[in-house]
Student: 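So that we are looking at the same thing, I have put the structure below in structure tokens.
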Amino acid sequence: MKAHRKQSLYMAFLLHRLSGLGLALFLPFHFYVLGLALKGNAALDRFLHWSELPLVKFAEFGLVFLLALHFFGGLRLLALENLPWSNRQKNYAAVALAAAFFVACGYLLRAI
Amino acid sequence: MEFQTHKTDVLILGSGGAGLFAALHACRANPELEVTIAVKGLLGKCGCTRMVQGGYNVALSPGDSIERHFMDTIIGGKWLPDQAMAMRLCETAVTRVQELENELGCFFDRNDDGSLHHKAFAGQTFDRTVHKGDLTGIEIISRLMEQVRALRVQLMEEHRAIALVPSRDGDALAGVLMIDMRSGEFRLVQAKTVLLATGGGPTMYRYHTPSGDKSMDGLAMALQLGLGLRDMEMVQFHPTGLLAGRDTRMTGTVLEEGLRGAGGFLLDGNGERFMKSYDTDAERATRDIVSRAIYAEMRAGRTTPNGGVYIAMSHLGPEVVAQKFPGMVKRCADCGFDLAGGRVEVVPTAHYLMGGVVVTPDTRTGLAGLFVAGEDAGGAHGANRLGGNGVANSTVFGGIAGDEMAAQAGSQNFWVEPDTNLVNAAIEQAMTPFQQAVGDINSIRDRLLDVMWDGVGVLRDANGIQQAQTELAALKTELMATGLVDDNRVFNLSWHDWLNLQSLIEVSEVIAAAALSRENSRGAHYREDYPEAGGLDDSYFTIARVDREALQVERQPVEFSIVKPGESLLEND
Amino acid sequence: MVELRLYMAQRATAAIMAPLVLLHLGVMIYAIQGGLSADEILERTRGSLFWGVTYGLFVITVSVHATIGLRNILREWFRLRGPVLTVLCWLIGAGLLFFGLRAVVAVVGLP
Amino acid sequence: MADSITVSVWRGGAGGGEFQDFQVPQQPSQTILDVITWIQRHLDASLSYRFACRVGMCGSCAMMVNGIPRWTCRTHVNKVMQDRHLTVEPLRNLPVIKDLACDMSEFFEKWRQAEGHFQGSSSRDETVAAISPKSSQRQAANAAIECINCAICYASCDVVAWNRDYLGPAALNRAWSLQNDQRDHAQDERLKVVAGDAGCHQCHSQQGCSTYCPNELNPTASIAGLKRMSAHWFMNKKYRQRHG
Ligand SMILES: Cc1cc2nc3c(=O)[nH]c(=O)nc-3n(C[C@H](O)[C@H](O)[C@H](O)COP(=O)(O)OP(=O)(O)OC[C@H]3O[C@@H](n4cnc5c(N)ncnc54)[C@H](O)[C@@H]3O)c2cc1C
Ligand code: HEM
Ligand code: SF4
Ligand code: F3S
Ligand code: FES
């Protein structure tokens, strides 16, 4: 990576973008799966069955992490843009990352 | 050699306070005119106006007066200033500061009640220096630059003027020959009026403060045209330039005056204070006294590893120092020095040239069509420039020049034919280094810096000056026989180094000759063989000019047109 | 002032989605316990006005929000400009909205 | 001989170029600008670069040093050298003229486009306006003002690289300062430009600008201010359209 990008707030930008991109790519798939219910509960269940697989569990963890990360990162940006300036931007970015990880772990622990 | 030709109404050389103000005023006075700025660096990013730290002198504070500002200027200048110019300076500074604030948007610091803050500056009987923190120049020049860019003035950035070209009969100025530094091509710009505002800059001394682009080009060009230069022996030294070794460009840069004012100590190489034995005010004595004392210590060999003295602040408490001088402390820290807690090596450093082209108070010269303003013009400061009068001088007279040039260019519907022989000769001259065997210009530069520092520096005497003159002549010959490694003219810095040296050596010769001619000690000029100031009533100033290839210096009596020595414009004095 | 409008739309949708996403995260963590089953999900959502409005609002806002986000990425990383970008974004937005509303209908049912 | 540093310097012009290595003796007091000067004076006289003030006031000497934009006259070698090696390139996001000197025209053109100049209503014949240094507007304007137009922020911003029209952090920072200047009367026009398609909404708060600004200015905060200001303006306009 180019040296000027190795700076925590650029990383925060990059994570926000990649998580948003990840979510946006996942969204059609998510809608498709839920749409299966149009064909009845069984169709959806057939699919949800997959989610018992450990690998899929882990992928779900990833998705929740992305969502939480983008959510907290988004809050950070909304605050940056709309509240009086604070010099703690690096701290907020770190908190957003930690909170996302925390939420995703909570999900994983409940899932297994 | 080929060259391109352009035409413009008003041509301005340099984009410091003088050049940019001239452009604004010329455009405003007559929007029909085409105004062109040619500058050696990028617009507003080169020159010394940007480097102004202290501030701008103006009699705007309640209780202060233009007369008081004027008297301080005359007394500070040891009765040598041209009084009409000094008066014009003090009067117009008021309008100029209001213009800077109201029309250009400068932010000068305020008192709590919202009025302008005026700070004290050495040599003045009233607190009259307006400022923006300690980065006043950045504020002034950035605001000027924005306004000029918004006007769509014709810009010739990185164009170096190399010769003022007169008409064939020599009666008027026809244009300016320059090098487009980015392509290496030559350009002749014909103009109805030309402003020389290249800002002098005594960078021929071992230690100096001005920006790297300043190399006395303007004065060298004026000299070649036969114009007179006055007060050329008056080189102001700032007592505390940073000393960090020969091979760093940090060396020579200013450590601010306030450090001494706040109680900083100067220590010799053994760590002993020495200022008390030179002046009762010790470190708080004026610039010239402190510079001379340090120079004397250096000559006596009581020096630091790099050959200077120390400035020490830590006894005031490192936190206090860091809080009071944040900019200075940070700058030193960036360069690897601990100003707040340790000692920093310092040395007197050449700061400003009071001398310059002889002009009238409305910036006209002896040659029709040529105007001069700013540090290139002589007269306003006499033997010594007050801190805060430098930027006032460039902005005041730059604006005046803009008005004058617009008036003249607007009423003239023709361009004067340039003397093409002279153009060709100047091009040939500038091409000299490409025709010579490769040589070492660095060694010439090094020797020039030392010759001027040792022989025509802070302390002078006839022997030293004469020896310097001999060496300068030899350096000149050597330079003419020194060629460059690279014959590509595109952005060729080494070529420009060569051209800089040419200007610097030429003007160094003038400084030496003027210094030899002044047989007394006034202001910035100190002759150990003539330590007395001489009678004020028969004060004279020097004028140097080149006449049939020979440099001549004459003395002219100062005309006390407004106030005579012993008198004052102030009632209580 | 296209960019200003898009900015406003993206921030407004983000603000609307924030509580929705928080709710969604909460429900997910709560509901995942013991695995997911279609019955479990659909029992909660079918015929519920609350979930209908919630999911409907989410789908509408996310279609706008994500499309604008993707537009930035397409512009900046893939250097798309002009009509190509516009048409592509309309397709993305319309697609998300259609499949999203279809999913809402699937889990909540028609009103 | 003193220890030496290996310096990889980018050589070339608008058409491209490559790195050339030099060995430069290290010195106790030595900035990146000194290293470059040493090369030009002693090793390769054809090296081109730009500087003026040498004290961090003119913003002429910025270059990429080990990939990060810096003012070279105030960057001590010890601070940035890695394994006795330095890489020096021309500033990013601007066209190169030759070697380390780039063409800053577009940077200033954008400054102009952003209405980065003061437009007041009082004249040189009037006294200077009384402005309390404590007023919040003045403080906001003041916080953004000490810019030396070095384009370091401009070089650090990826949005500038991705979107050639983007006005960039320095021009917007200047505009923000002016939007808070009580004496200026062009604020409506300026807001229209900075809220326009090349303006503040392009910024994704990457914050390279505020991280690397040598004067510790904060263009990110200024741009956020402009975003707020334009949002208010946008909503007011909508409101007025609806309610006459
Ligand atoms: C470090 C420092 C601090 C100072 N502090 C103060 C202070 O606090 N108060 C004060 O009043 N004064 C101060 N001064 C002095 C003040 O800066 C100058 O007196 C004043 O700014 C000179 O303005 P000018 O327009 O004449 O020249 P400059 O601002 O120096 O501009 C000269 C211009 O001419 C250009 N030029 C040079 N040669 C050529 C050529 N051959 N062709 C084309 N262009 C050329 C240069 O590139 C530059 O753009 C300070 C000076 C320095 C160096
Ligand atoms: C699942 C739902 C979401 C999806 C698919 C999504 C998708 C995206 C995408 C693709 C981007 C573009 C990223 C970029 O330009 O760098 C983006 C940006 C953004 N998102 Fe989301 N997002 C979602 C939810 C949210 C939420 C809940 C919030 C607020 C809390 C939010 C706040 C933001 C913000 C503020 C930006 C702008 C970033 C910028 O322009 O710098 N997003 N989103
Ligand atoms: S904001 Fe900072 S980095 Fe950007 S141009 Fe100004 S001084 Fe340089
Ligand atoms: S780096 Fe660029 S993205 Fe915004 S915060 Fe600074 S302008
Ligand atoms: S040379 Fe002026 S900022 Fe570095």
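The figures here come from the full heavy-atom set of this structure, side chains too, leaving out hydrogens, waters and symmetry mates. Here is how names work: the chains are called A, B, and so on, in the same order as the sequence lines, proteins then strands, and each is numbered from 1. Only a predicted model underlies this, so the values are computations on that prediction, with no experimental measurement involved.
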Student: Quick one: does C:T13's side chain have a donor or acceptor within less than 3.5 Å of a partner on C:V62's backbone?
Tutor: no

Student: Name the region of C:L101, side chain, backbone, both or neither, that has any atom closer than 4.5 Å to a heavy atom of chain A.
Tutor: neither

Student: Side chain, backbone, both or neither: which part of A:F71 has a non-hydrogen atom closer than 4.5 Å to chain C?
Tutor: side chain

Student: Between A:R76 and A:E81, does any NZ, NE, NH1 or NH2 come within less than 4.0 Å of an OD or OE carboxylate oxygen?
Tutor: no

Student: Who wins among A:L38, A:L44, A:V103 for the most heavy-atom pairs under 4.5 Å with chain C?
Tutor: A:L38

Student: Taking side chain as everything from C-beta outward and backbone as N, CA, C, O, which of these in C:E76 sits under 4.5 Å from a heavy atom of chain A? Side chain, backbone, both or neither.
Tutor: side chain

Student: Taking the side chain from A:R110 and the backbone from C:Y30, do they hold a donor-acceptor pair closer than 3.5 Å?
Tutor: yes

Student: What part of A:H70 is in contact with chain C, defined as an atom under 4.5 angstrom from a non-hydrogen atom: side chain, backbone, both or neither?
Tutor: side chain

Student: Is it the backbone or the side chain of A:L18 that comes under 4.5 Å from a heavy atom of chain C, or both, or neither?
Tutor: side chain

Student: Pairing donors with acceptors under 3.5 angstrom, does anything connect the side chains of A:Y10 and A:R5?
Tutor: yes

Student: Judged by atom type as modelled, is there a donor-acceptor pair below 3.5 Å linking the side chain of A:N41 to the main-chain atoms of C:D39?
Tutor: no

Student: With chain C as the partner, which of A:F31, A:Y32, A:F47 has the greatest number of non-hydrogen pairs under 4.5 Å?
Tutor: A:F31

Student: Quick test of your reading of the model: are C:R75 and C:E3 salt-bridged, counting only N-O distances below 4.0 Å?
Tutor: yes

Student: Under a 4.5 Å heavy-atom cutoff, which of C:T67, C:V59, C:L96, C:V107 has the most pairs with chain A?
Tutor: C:L96

Student: Between C:Y55 and C:F58, is the ring centre distance below 6.0 Å?
Tutor: no

Student: For A:L77, which atoms come within 4.5 Å of any heavy atom of chain C: side chain, backbone, both, or neither?
Tutor: neither

